[in-house]
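For reference, the structure discussed in these notes is given below.
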Amino acid sequence: MEAATVKELYAGKGKYLHQRIQINGWVRTLRSSKTFGFIELNDGTFFSNLQVVFDENLANYKEVSKLITGSAIKVAGQLTESPGAKQPFELKAECIEIEGLSAPDYPLQKKRHTFEYLRTIAHLRSRTNTFSAVFRIRSVAAYAIHKFFQENGFVHVHTPIITGSDAEGAGEMFRLTTLDFDKPPRDEKGAVDFTKDFFGKETNLTVSGQLEAETYCMAFNKVYTFGPTFRAENSNTPRHAAEFWMIEPEIAFAGLRENMNLAEDMLKFIVSYVLENTPAEMQFLNSFVDKSLLERLTNIVKSDFGHLTYSQAVEILKKSGEQFEYPVAWGIDLQTEHERYITEKHFGKPVFVTDYPKEIKAFYMRLNDDGRTVAAMDLLVPGVGELVGGSQREERLDYLSKRMDELGLNKEDYWWYLDLRKYGGVRHAGFGLGFERLIMYLTGMTNIRDVISFPRTPKNAEF
RNA sequence: UCCUCGAUAGCUCAACGGUAGAGCAACCGGCUGUUAACCGGUAGGUUGUAGGUUCGAAUCCUACUCGGGGAGCCA
């Protein structure tokens, strides 16, 4: 008999009822009495479990009734309507084959565990309801992202993970080397001689694929990257990880307005797609993790995102009458508390803040006509804060060169980036979306370590 | 990195200067429709680590390690 899946049983709408089937899965919990018992079986294909009923007619009744949580079994029997209220059908076992026993010290109980404890058993936590929901949603969301961009004419670019430029300007980098740490080769000045290293120069793990993506944007018009990113910042917060995934679209012949429209369309598409395709998971998270999750996500799809400039945001904050811990003044970057006020209290929905002072933004952002702000945009969302950061890029070679000089950047390191402005450079724009922050937003999980399978954070690279 | 709170049985917690306990899990037994099943029993501990104060420390003090929350950096 070929094995069916629990997903098929739920999708089959009665097709399997009163049929003999086989299901392979893992015991989530077991309740037994003298002559019969129940097993909650999860086969990994679906969020919900299948209730298996077994009785003393089984040849191995005694062994089955003593199965420890986590054990793997194969069950053959007839699918019937269930008299119990909590499940539409159940499997009357005729034969249960024990495929892999679990040990008595199995660390997962049917009781609720703290997320902190589950992080210490990250190799097993995917067997819990919450992590089963989170990681299926993560998978579906990743698919939705590719679907959105592919269906809108974007080309997916795999930008390098190893980068030779040490000046991408987005934070501390992890150095990559094959040199012997105990006795590295030295040059005549006594410094480490990286010309003897694997690549013949200093190399690091990427902190952003944006600059490389821009080069492909000038060939394909619309491109996106979706890959891992590494930051060696000593950030100890629920929102930062040393290894995370980013989505970075880049569009040609487009400015800030098109950029914001793209971000809004993309976000709405992903949210709708996830809501539509993982209803059981969303319902569970809404009940046990974040009671306002469904309302918030539905609201996202329906509402038009807010728009205001940085200057307007500063005015609103000044007039708000709120007591902020940090002062509000034009020219200073918005603090987390300021961003939260704007998106959560003043607007109550996602908001684009645009046109920041050039001093607090990156060198590649396009200078506005006022000469003191750049065409930048941050998307702030309730609960998570900054979800998207982007800008129109400076396509004018003279402006870009001048700005790099002002900031003391070595233009030789960026020769290929500057070439883009020389050979048919056009208006273009793009943004970066932190994938894990999106997953946090989609699931209601409040710690980034709980939306990454094996999170890497300062002092933690277990597994 | 800074501020702050915490660490006691496998898990979740209690004991707040005077003999370390409970629920769940595990193990043994009972129970004919359970669903965080229920009922009875057994076993389980150098109280995060290292010092100090005290007749006596899980409890008070110091340092360190790890974890939570907040901040910075950012996505």
Side-chain angles (χ1 to χ4, degrees), chain A residues 28-41 48-56 65-66 68-70 80-87 90 92 102-121 124 128-129 168-172 207-210 228-248 288 324-326 333-340 360-362 378-381 384-390 431-441 446-452 457-460 462:
Chain A
R28 281 283 180 88
T29 100
L30 182 150
R31 300 173 289 276
S32 69
S33 58
K34 191 176 187 181
T35 55
F36 68 94
F38 302 92
I39 294 171
E40 296 280 334
L41 194 68
S48 303
N49 300 321
L50 174 66
Q51 174 161 283
V52 174
V53 191
F54 63 98
D55 61 30
E56 57 188 343
S65 66
K66 293 190 173 200
I68 284 166
T69 310
T80 63
E81 279 120 350
S82 176
K86 298 206 173 178
Q87 58 278 323
E90 63 191 21
K92 289 249 192 284
S102 182
D105 60 353
Y106 186 64
L108 289 171
Q109 301 172 21
K110 32 191 146 185
K111 210 174 67 170
R112 188 188 174 89
H113 284 111
T114 60
F115 290 141
E116 291 80 12
Y117 170 65
L118 290 171
R119 273 173 222 148
T120 67
I121 48 167
L124 299 174
T128 64
N129 286 331
E168 287 173 7
E172 293 293 307
V207 292
S208 166
Q210 180 198 316
T229 307
F230 307 88
R231 303 272 168 93
E233 301 285 351
N234 189 13
S235 295
N236 294 285
T237 84
R239 306 193 141 92
H240 291 84
E243 176 181 318
F244 63 99
W245 286 58
M246 267 208 303
I247 296 103
E248 296 175 293
F288 291 98
F324 294 113
E325 194 183 336
Y326 293 87
D333 206 358
L334 300 178
Q335 300 290 315
T336 300
E337 58 173 345
H338 303 146
E339 294 182 341
R340 293 188 75 125
I360 59 175
K361 288 291 180 185
D378 283 356
L379 177 63
L380 311 178
V381 296
V384 169
E386 186 182 334
L387 186 62
V388 166
F431 61 81
L433 168 74
F435 185 53
E436 282 77 12
R437 290 193 181 170
L438 173 67
I439 303 303
M440 290 168 75
Y441 193 65
T446 53
N447 195 311
I448 197 167
R449 293 152 217 238
D450 298 326
V451 300
I452 303 180
T457 52
K459 300 275 184 288
N460 188 0
E462 190 63 55

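So you know, we letter chains A, B, ... as the sequences are listed, proteins then strands, and number each from 1. The figures that follow rest on heavy atoms only: side chains count, while hydrogens, waters and symmetry mates do not.
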Using a heavy-atom cut-off of under 4.0 Å over every strand shown, decide if A:E90 touches base, sugar-phosphate, or nothing.
base
A:E116 CD to B:U12 C1', straight-line distance once rounded to whole Å:
12 Å
Looking at A:Q335, I'd like to know whether one of its side-chain N or O atoms comes within less than 4.0 Å of OP1 or OP2 on B:G72.
yes
Choosing from B:C31, B:U35, B:G69, which nucleotide comes nearest the side chain of A:K34?
B:C31
Any A:R119 side-chain N or O less than 4.0 Å from OP1/OP2 of B:G68:
yes
Does A:N234 reach a base, just sugar-phosphate, or nothing at all? Heavy atoms under 4.0 Å.
base
In terms of side-chain heavy atoms, does A:N129 have a donor or acceptor partner in A:R28 at a distance below 3.5 Å?
yes
Under 4.0 angstrom, heavy atoms only, what part of the nucleic acid is A:E386 near: base, sugar-phosphate, or nothing?
sugar-phosphate
Given atom CG of A:L124 and atom P of B:A25, what is their separation to the nearest angstrom?
19 Å
With heavy atoms under 4.0 Å as the rule, sort A:L387 into base, sugar-phosphate or nothing.
sugar-phosphate
For A:K86 and B:A36, give me the distance from atom NZ to atom P, rounded to whole Å.
4 Å
Counting just side-chain N and O atoms, does A:T29 come under 4.0 Å of either OP1 or OP2 of B:U35?
no
With sugar-phosphate meaning primed atoms plus P, OP1 and OP2, does A:G84 contact a base, only sugar-phosphate, or nothing at under 4.0 Å between heavy atoms?
base
Reckon A:P104 touches a base, only the sugar-phosphate, or nothing at all at heavy-atom distances under 4.0 Å?
sugar-phosphate
Spacing between A:D333 atom CG and B:A71 atom P, to the nearest angstrom
14 Å
Specify the separation, in whole Å, of atom CG of A:N460 and atom C1' of B:G68.
14 Å
Ignoring hydrogens, what is the shortest heavy-atom contact between A:I448 and A:H240? Give both atom names and the distance.
CG2-O, 3.5 Å
N/O (side chain, A:K459) to phosphate O (OP1/OP2, B:G67) under 4.0 Å:
no
Using a 4.0 Å heavy-atom cut-off across all strands, classify A:R449 as base, sugar-phosphate, or nothing.
sugar-phosphate
Please determine if a side-chain N or O atom of A:R31 lies less than 4.0 Å away from the OP1 or OP2 oxygen of B:A37.
yes
So does A:T336 get a side-chain nitrogen or oxygen closer than 4.0 Å to the phosphate oxygens (OP1/OP2) of B:G72?
yes
Between A:S82 and A:Q87, is any side-chain donor less than 3.5 angstrom from a side-chain acceptor?
yes
Think A:N447 has a side-chain N or O under 4.0 angstrom from the OP1 or OP2 of B:G69?
yes
Over all strands shown, is A:K66 touching base, sugar-phosphate only, or nothing at heavy-atom distances under 4.0 angstrom?
sugar-phosphate
Please give, in whole Å, the distance from B:A71 P to A:L334 CG?
14 Å
RNA chain B: 5'-proximal contact among A:E337 and A:F244 (nearest heavy atom)
A:E337
Residue-phosphate contact under 4.0 Å: A:K111 side-chain N/O, B:C11 OP1/OP2:
no
Look at the side chain of A:S235 against the base of B:C74 and say whether a donor-acceptor pair falls under 3.5 Å; ignore hydrogens and angles.
no
How many Å lie between CD1 on A:I448 and P on B:G67, as a whole number?
16 Å
Would you say the side-chain atoms of A:E462 pair up with the backbone N or O of A:T120, donor to acceptor, closer than 3.5 Å?
no
What nucleic acid atoms does A:T237 come within less than 4.0 Å of, heavy atoms only: base, sugar-phosphate, or nothing?
base
Remember a base hit wins even if backbone is also touched, and classify A:F38 as base, sugar-phosphate or nothing at under 4.0 Å, heavy atoms.
base
Could you give me the CA-CA distance, side-chain angles and deciding distance for A:E243 and A:T229, then say whether side-chain hydrogen bond (donor to acceptor under 3.5 Å, both in side chains) is met?
CA-CA 6 Å; A:E243 176 181 318; A:T229 307; over 6 Å; no
Find the distance A:N49:CG to B:U34:P and express it as a whole number of Å.
18 Å
